[in-house]
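Order of listing sets the numbers, starting from 1, for every ligand and every atom in it.
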Amino acid sequence: MDYFTHQGGALHCEDVPLSEIADAVGTPVYVYSSATMVRHAQVLRQSLEPLADPLIAYAVKANPNAAVLATLGAEGLGADVVSGGEYRRALSAGIAPEKIVFSGVGKTEEEMALALEGGLFQFNLESVEEAEMLSAVATRLGRRAPVGFRVNPDVVAGTHAKISTGSAENKFGVPFADALAAYRRAAELPGLDVQGVAVHIGSQLTSLDPLEAAFTKVGMLIGNLRDAGHVITVADLGGGLGIPYNSDLPSPPSPEEYGAMVRRVASGWNVRLVFEPGRLIVGNAGVLLTRVIRVKPGSTHPFVVVDAAMNDLMRPALYDAWHSIEAVAPHGSKATVNVVGPVCETGDTFAMGREMDTVQPGELVIFRTAGAYAAAMSSTYNSRPLTPEVLVHGSDWAVVRKRIDIDRLIAADAVPEWLVAARA
Ligand SMILES: *Cc1c(COP(=O)(O)O)cnc(C)c1O
């Protein structure tokens with residue numbers, strides 16, 4: 001469900017014609033719908049009722065824009081952060097420290113100190129070595145660190161290999177078989193308050209089965225930990241629920257189905273549950289709006305060359321991801337084409353042999369479902385300006401990240417003295 005709809009033959013975001021944004025800001029540009037994000041946050045919360053006070057910690061890495069975080073913070077969401085930078089973004093968007101979970105396999109001493117001093121809900125630790133480092137930092141600062149271990153349940157997530165995180169060969173989490181020993185060690189370390197168990201098995205999951213298998217293992221571990229004398233009050237079930245990218249494929253499980261499964265599996269755990277949704281909240285709340293530069297003949301299908309490229313939207317190149325591609329003002333006819341960007345890489349291909357709206361040079365096109373892992377991963381490769389972002393709210397809209405232009409990119413470089421001298 002989203003708020004990108006055709007009104008009078010032209011695609012709108014909420015009440016704003018996309019062509020108005022393209023004309024004012026230029027292309028390519030990301031456009032986000034506030035109403036869509038808010039709706040997703042509310043649907044997820046409702047689907048978890050009547051759980052007592054779940055903490056929904058939005059996974060900031062999906063879309064860290066300050067205006068997105070402020071929108072979700074105002075809905076009562078917390079934040080799941082994986083770096084000091086994301087921690088600072090969450091705080092500056094007004095998210096309370098006691099709603100922040102710090103995840104990630106490589107937290108540094110500096111990042112640990114930042115979150116200990118600013119406060120947080122829980123560190124999700126990924127190794128005994130990390131627990132030892134955090135203990136030392138907390139002791140030095142005279143603080144106590146609330147912790148859980150992220151366990152690796154060794155389940156097959158059934159998603160793209162690059163976004164699967166919960167099988168034994170992945171870098172994430174403490175192996176399930178080593179979990180009791182890790183908790184025993186953490187309980188001995190000064191400065192740590194052991195309180196939770198965490199799991200996150202991957203992203204864009206289209207079946208509940210691997211999630212249920214992982215959560216069932218978490219439930220068993222909670223029992224074993226309590227038997228061993230640990231006080232476990234928190235279970236963090238991670239994120240990962242998939243969203244529909246391609247309407248020709250079966251839809252992933254709904255938040256309602258997910259919520260029903262969680263309530264069934266976790267009943268009797270007697271913990272506060274934490275969720276870390278990213279894509280589910282923002283994925284289809286965004287589109288990448290781009291303009292057709294030219295249509296070039298091809299050996300099988302013509303190439304539609306758009307002014308967005310892999311540096312703006314990396315998911316197709318990185319994960320073979322599928323995005324729906326549509327004309328902003330469709331003529332009613334369809335054609336089979338290849339859609340590519342201008343970057344000098346064969347990987348800069350958004351779709352091959354795709355049937356889509358017929359488009360002419362100069363016309364506007366959108367890539368749908370580009371609210372998550374899209375602008376967040378954009379770069380300036382090929383010395384292309386960093387794509388701007390726009391947030392729509394009803395009939396209002398605002399630029400929430402300016403285009404980082406070439407002058408600013410050149411100004412960030414420095415030519416050393418010896419080269420300046422040689423030039424003179
Ligand atoms: C990326 C990530 C998430 C969010 O995943 P989604 O698939 O976007 O819901 C949650 N938790 C952790 C630890 C992550 O790394």
Participant: State which residue, out of Val81, Asp80, Leu69, fulfils the side-chain contact (heavy atoms from CB on, under 4.5 Å) condition with Tyr58.
Facilitator: Leu69
Participant: Please determine whether any non-hydrogen atom of Ala62 lies less than 4.0 Å from an atom of ligand 1.
Facilitator: no
Participant: Enumerate the atoms of ligand 1 whose separation from the nearest heavy atom of Arg150 is less than 4.0 angstrom.
Facilitator: 13 (C)
Participant: List every atom of ligand 1 that sits less than 4.0 Å from any heavy atom of Arg279, numbering the atoms from 1 in the order shown and giving each element.
Facilitator: 6 (P), 8 (O), 9 (O)
Participant: Thinking salt bridges, do Arg384 and Asp307 make one under a 4.0 Å N-O criterion?
Facilitator: no
Participant: So, Arg368 and Glu326, do they make that salt bridge, N to O below 4.0 Å?
Facilitator: yes
Participant: Work out whether the distance between some heavy atom of Tyr373 and some atom of ligand 1 is less than 4.0 Å.
Facilitator: yes
Participant: Would you mind checking which non-hydrogen protein atom is closest to atom 14 (C) of ligand 1, with the distance to 0.1 Å?
Facilitator: Lys61 NZ, 2.8 Å
Participant: Looking at Asp80, which atoms of ligand 1 are within less than 4.0 Å of one of its heavy atoms?
Facilitator: 10 (C), 11 (N), 12 (C), 13 (C)
Participant: Looking only at protein heavy atoms, identify the closest one to atom 10 (C) of ligand 1 and say how far it is in Å.
Facilitator: Glu276 O, 3.2 Å
Participant: Knowing that exactly one of Asn124, Val151, Val234 qualifies, which makes a side-chain contact (heavy atoms from CB on, under 4.5 Å) with Val197?
Facilitator: Val151
Participant: With heavy-atom distances below 4.0 Å as the criterion, list the atoms of ligand 1 near Ala59.
Facilitator: 3 (C), 4 (C)
Participant: Going by side-chain contact (heavy atoms from CB on, under 4.5 Å), Leu72 matches just one of Val282, Ile56, Asn63. Which one?
Facilitator: Val282
Participant: Enter the distance from Met261:CE to Leu237:CG here, rounded to the nearest 0.5 Å.
Facilitator: 8.0 Å
Participant: Taking only heavy atoms of Pro277, which atoms of ligand 1 are found under 4.0 Å from at least one of them?
Facilitator: 9 (O)
Participant: Could you check atom 9 (O) of ligand 1 against the protein and tell me its nearest heavy-atom contact, residue, atom and distance included?
Facilitator: Gly240 N, 2.8 Å
Participant: Give the residue, atom name and distance (to 0.1 Å) of the protein heavy atom nearest atom 7 (O) of ligand 1.
Facilitator: Ser203 OG, 2.3 Å
Participant: Does any N or O of ligand 1 fall below 3.5 Å from an N or O anywhere on Gly239, backbone included?
Facilitator: no
Participant: Rounded to the nearest 0.5 Å, what's the gap from CG on Asn246 to OG on Ser251? Could you check?
Facilitator: 10.0 Å
Participant: Which residue in the set Lys171, Lys107, Arg150 passes side chain to side chain donor-acceptor pair (under 3.5 Å) when paired with Glu126?
Facilitator: Arg150
